[in-house]
Asker: 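Please see the structure below; I have some questions.
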Amino acid sequence: MENSKKQQEIMFLNTLLCVLVVFIHCASHPVSNYIKPSLPYTLTFIPWRLSAFVVQGFIFLSGMKLFLKPQNDFSYEKFISKRIKTVLIPYVFAVLIYYIYFMRNGYFPFSIKDIVFYVLSGSLVSPFYFIVAIMQFYLLMPLWIKMTEKTKPLPSLIISLMVMLAAKHYIPQFLANFEKIASYNDRIFTTYLIYWVAGCYAGKNYASFCTFMKKCFVPFALIFIALSAADVIFTYKAFVYGQYFPFLENLHMVYCIGATAFTFSLGTMIKNITFIRYIDAVSFNMYLFHCLVIFIANDFMARLGITSITVQFALRIILAYGVTFTLCIVYQNIKSKIKSRASRAVS
């Protein structure tokens with residue numbers, strides 16, 4: 001399979017997940033503040049809930065991309081160094097930018113100890129916990145290489161699911177003994193184990209995986225529709241009417257698996273779209289900084305006295321997508337020009 005063809009599905013899913021994660025954070029305010037169960041609340045809640053597979057999708061995609069190439073000449077030192085340069089350093093820089101913004105707006109005083117805690121916990125801004133989780137997977141890269149070399153996909157997937165379910169049950173009990181991190185189970189890598197393992201095997205067997213996903217588009221679409229309806233209905237009842245469903249968390253886990261499978265399958269059906277390439281190229285920076293645009297937009301609307309939840313939501317959407325994407329594209333172009341000039345100077 002040609003490299004451009006390989007990238008088509010990956011770029012589509014990466015772009016879609018990036019768009020959805022921005023939407024989730026734009027919609028969190030109206031979901032929290034609309035009257036329940038009003039029509040505006042319901043119309044916002046449904047896409048907001050259906051978007052809630054983005055972290056699982058990013059985990060799957062990250063594992064897949066790492067295994068697109070054979071790992072025969074794998075160097076742990078080079079691998080970790082690259083992740084530090086491309087993931088960890090931009091993340092730490094983003095934490096510092098947000099911290100300065102919050103400090104200047106009187107949220108808290110300056111504290112080195114707090115900065116270190118925010119970097120390690122990913123708790124300063126809601127999307128940052130993904131970085132903490134994905135770095136744990138990167139640190140364990142030799143384990144995933146051994147796994148894909150020595151074990152068939154089905155046993156690995158079954159074991160990873162069992163470990164993930166056990167960890168979801170026991171780790172929160174363990175963390176309860178530590179007050180400051182008691183609620184941080186969502187950034188421990190075991191919480192997303194099956195998505196990562198599935199991504200690793202999908203990447204290792206990419207050509208056959210894409211063929212299978214394309215052939216099974218209709219079944220995956222039907223499964224997605226059924227799971228979407230179930231997840232939305234039961235979550236809506238829980239959120240609006242306070243009803244308790246003990247299976248809700250596991251239902252959402254199954255929905256996340258189905259949603260990730262369906263969206264990737266959909267990607268195999270999509271023709272090459274030029275605009276997707278632009279979003280895909282800046283998706284990581286958009287992920288890191290879109291919330292900053294939202295915070296600034298919130299401050300701006302507060303100063304103007306805009307109190308309508310719907311108007312706020314609309315402006316938040318326009319600014320979060322428009323400003324973040326524009327700034328990321330400008331930064332990407334400047335960065336590319338600097339690199340190009342540097343390479344010409346060396347040659």
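Everything quoted here is computed from the prediction, not taken from an experiment. Hydrogens, waters and symmetry mates play no part in the numbers below; they use all other heavy atoms, side chains included.
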Asker: Taking all heavy atoms of Val22 and all of Ala320, pick out the closest pair and write down the distance.
Answerer: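 Nearest heavy atoms, Val22 then Ala320: CG1-CB, 3.9 Å.
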Asker: Check whether Tyr201 reaches the backbone of Met64 with its side chain - one donor and one acceptor, N or O, closer than 3.5 Å.
Answerer: no
Asker: Is there a side chain to side chain contact (heavy atoms under 4.5 Å, CB included) between Phe130 and Arg187 once you walk through the steps?
Answerer: CA-CA 7 Å; Phe130 165 76; Arg187 59 215 67 199; over 6 Å; no
Asker: Determine yes or no for a side-chain-to-main-chain donor-acceptor pair under 3.5 angstrom, with Tyr138 supplying the side chain and Phe79 the backbone.
Answerer: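 Such a contact is absent between Tyr138 side chain and Phe79 backbone.
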Asker: State plainly whether one hydrophobic cluster holds both Ile158 and Leu161, where clusters connect Ile, Leu, Val, Met, Phe, Trp and Tyr through side-chain heavy atoms under 4.5 angstrom apart.
Answerer: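 No: no chain of side-chain contacts under 4.5 Å links Ile158 to Leu161.
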Asker: Could you tell me whether the side chain of Tyr76 and the main chain of Leu139 form a donor-acceptor pair under 3.5 Å?
Answerer: yes
Asker: Please assess Leu165 against Asn250 for the test side chain to side chain contact (heavy atoms under 4.5 Å, CB included), listing each intermediate value before the final yes or no.
Answerer: CA-CA 9 Å; Leu165 292 175; Asn250 288 333; 3.8 Å; yes
Asker: Mind checking the CZ-OH spacing from Phe45 to Tyr236? Nearest 0.5 Å is all I need.
Answerer: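 It comes to 8.0 Å.
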Asker: Treating Tyr206 as the side-chain partner and Lys69 as the backbone partner, does any N or O pair qualify as donor plus acceptor under 3.5 Å?
Answerer: no
Asker: Mind checking the OG-CG spacing from Ser51 to Leu16? Nearest 0.5 Å is all I need.
Answerer: 8.5 Å
Asker: When you group the ILVMFWY residues by side-chain heavy-atom contacts below 4.5 Å and let the links chain together, are Phe212 and Met269 in the same group?
Answerer: yes
Asker: Please say whether more than 12 non-hydrogen atoms of neighbouring residues, nucleotides or ligands are located less than 6.0 Å from CG in Leu304.
Answerer: yes
Asker: Among Tyr195, Phe60, Phe137, Phe67, find the residue that satisfies the side chain to side chain contact (heavy atoms under 4.5 Å, CB included) test when tested with Cys200.
Answerer: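 Looking at Tyr195, Phe60, Phe137, Phe67, the match for Cys200 under the side chain to side chain contact (heavy atoms under 4.5 Å, CB included) is Phe67.
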Asker: Does any non-hydrogen side-chain atom of Tyr99 lie less than 4.5 Å from one of Asp114?
Answerer: yes
Asker: For ring-ring contact (aromatic ring centres under 6.0 Å, His included), just list the numbers for Tyr41 and Tyr34, CA-CA rounded to whole Å, side-chain angles, deciding distance to a tenth of an Å, and then say yes or no.
Answerer: CA-CA 5 Å; Tyr41 175 84; Tyr34 274 136; 7.4 Å; no
Asker: Hey, could you give me the SG/NE2 distance between Cys26 and His290, rounded to the nearest 0.5 Å?
Answerer: 7.0 Å
Asker: Evaluate the side-chain proximity of Pro127 to Cys291: yes if any heavy-atom separation is below 4.5 Å, no if none is.
Answerer: yes
Asker: Is the backbone N or O of Thr148 less than 3.5 Å from a side-chain atom of Thr151, with the two atoms forming a donor-acceptor pair by type?
Answerer: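 Between the backbone of Thr148 and the side chain of Thr151 there is no qualifying donor-acceptor contact (under 3.5 Å).
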Asker: Would you mind reporting whether Val119 and Tyr91 have side-chain heavy atoms less than 4.5 Å apart?
Answerer: yes
Asker: Quick one: are Leu288 and Phe93 in side-chain contact, heavy atoms under 4.5 Å?
Answerer: no
Asker: Could you check whether any side-chain heavy atom of Met301 comes within less than 4.5 Å of a side-chain heavy atom of Leu315, counting everything from C-beta outward?
Answerer: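 Heavy-atom side-chain distance check passes, below 4.5 Å.
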Asker: Please give me the minimum heavy-atom distance between Thr44 and Ala27, naming the atom from each residue.
Answerer: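 Minimum heavy-atom contact is CG2-CB, 4.0 Å.
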Asker: Ile329 and Tyr278: which non-hydrogen atoms are nearest, and at how many Å?
Answerer: CD1-O, 4.0 Å
Asker: Answer with yes or no whether the hydrophobic clustering places Ile233 together with Ile223; edges join I, L, V, M, F, W, Y residues whose side-chain heavy atoms lie under 4.5 Å apart.
Answerer: no
Asker: In Å and rounded to the nearest 0.5 Å, what is the CE to CG distance from Met141 to Leu143?
Answerer: 10.0 Å
Asker: Side-chain contact, heavy-atom cut-off 4.5 Å: Ile306 with Phe300?
Answerer: no
Asker: Measuring only between side-chain heavy atoms, which start at C-beta, is Thr263 closer than 4.5 Å to Phe224?
Answerer: no
Asker: List the atom of Leu43, the atom of Pro47, and the distance in Å for their closest heavy-atom pair.
Answerer: O-CD, 3.0 Å
Asker: When the ring centroid of Phe128 is compared with that of Tyr118, is the distance short of 6.0 Å?
Answerer: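 They do not qualify: ring centres at least 6.0 Å apart.
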Asker: Between Phe58 and Tyr287, does the ring centre distance come in under 6.0 Å?
Answerer: yes
Asker: Quick one: do Tyr321 and Val19 satisfy side chain to side chain contact (heavy atoms under 4.5 Å, CB included)? Show the steps, please.
Answerer: CA-CA 8 Å; Tyr321 284 111; Val19 169; 3.6 Å; yes
Asker: Under a single-linkage definition using a 4.5 Å side-chain heavy-atom cutoff for Ile, Leu, Val, Met, Phe, Trp and Tyr, are Val240 and Phe234 assigned to the same hydrophobic cluster?
Answerer: no
Asker: Side chains of Tyr331 and Val282, heavy atoms from C-beta outward: is any pair under 4.5 Å?
Answerer: no
Asker: Does Val163 belong to the same Ile/Leu/Val/Met/Phe/Trp/Tyr cluster as Met253, with side-chain heavy atoms less than 4.5 Å apart forming each link?
Answerer: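 Val163 clusters together with Met253.
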Asker: Is the count of non-hydrogen atoms from other residues, nucleotides or ligands lying under 6.0 Å from Lys36 atom NZ greater than 12?
Answerer: yes
Asker: Hey, is the main chain of Ser265 close enough, under 3.5 Å, to the side chain of Glu9 for a donor-acceptor pair?
Answerer: no
Asker: Any chance you could lay out the side chain to side chain contact (heavy atoms under 4.5 Å, CB included) test for Trp144 and Leu66, step after step, and finish with the verdict?
Answerer: CA-CA 10 Å; Trp144 316 124; Leu66 287 181; over 6 Å; no
Asker: Side chain of Tyr129, backbone of Asp186: donor and acceptor closer than 3.5 Å?
Answerer: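 No.
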Asker: Taking salt bridge (charged side-chain N to carboxylate O under 4.0 Å, His left out) as the definition, give me every residue that meets it alongside Arg83, ordered by chain and number, with sequence neighbours left out.
Answerer: none
Asker: Do Arg49 and His252 have side-chain atoms, one donor and one acceptor, less than 3.5 Å apart?
Answerer: yes
Asker: When rounded to the nearest 0.5 angstrom, what is the spacing between CD1 in Ile10 and OG1 in Thr15?
Answerer: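 Taking CD1 in Ile10 and OG1 in Thr15, the distance rounds to 11.5 Å.
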Asker: Do side-chain atoms of Asp231 reach the backbone of Leu227 as a donor and acceptor pair under 3.5 angstrom?
Answerer: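 Pair absent, no side-chain N/O of Asp231 close to backbone of Leu227.
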Asker: Can a donor-acceptor pair be found, under 3.5 Å and without considering hydrogens, that links the side chain of Gln243 to the backbone of Lys237?
Answerer: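 Not a single qualifying donor-acceptor pair exists.
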Asker: So does Glu149 have more than 12 non-hydrogen atoms from other groups sitting under 6.0 Å from CD?
Answerer: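 Yes.
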Asker: Would you find a donor on one side and an acceptor on the other, under 3.5 Å apart, between the side chain of Thr235 and the backbone of Val232?
Answerer: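 A pair under 3.5 Å: no.
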Asker: What's the separation between atom CD1 in Ile194 and atom CD1 in Ile159, rounded to the nearest 0.5 Å?
Answerer: 11.5 Å
Asker: The criterion is ring pair (Phe, Tyr, Trp, His ring centres under 6.0 Å); which residues satisfy it with Phe275, sequence neighbours excluded?
Answerer: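 Partners of Phe275 under the ring pair (Phe, Tyr, Trp, His ring centres under 6.0 Å) test: Phe325.
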Asker: Apply the test ring-ring contact (aromatic ring centres under 6.0 Å, His included) to residues Phe264 and Phe209: give CA-CA distance (whole Å), side-chain angles for both, the deciding distance (0.1 Å), then the verdict.
Answerer: CA-CA 10 Å; Phe264 186 87; Phe209 178 73; 5.2 Å; yes
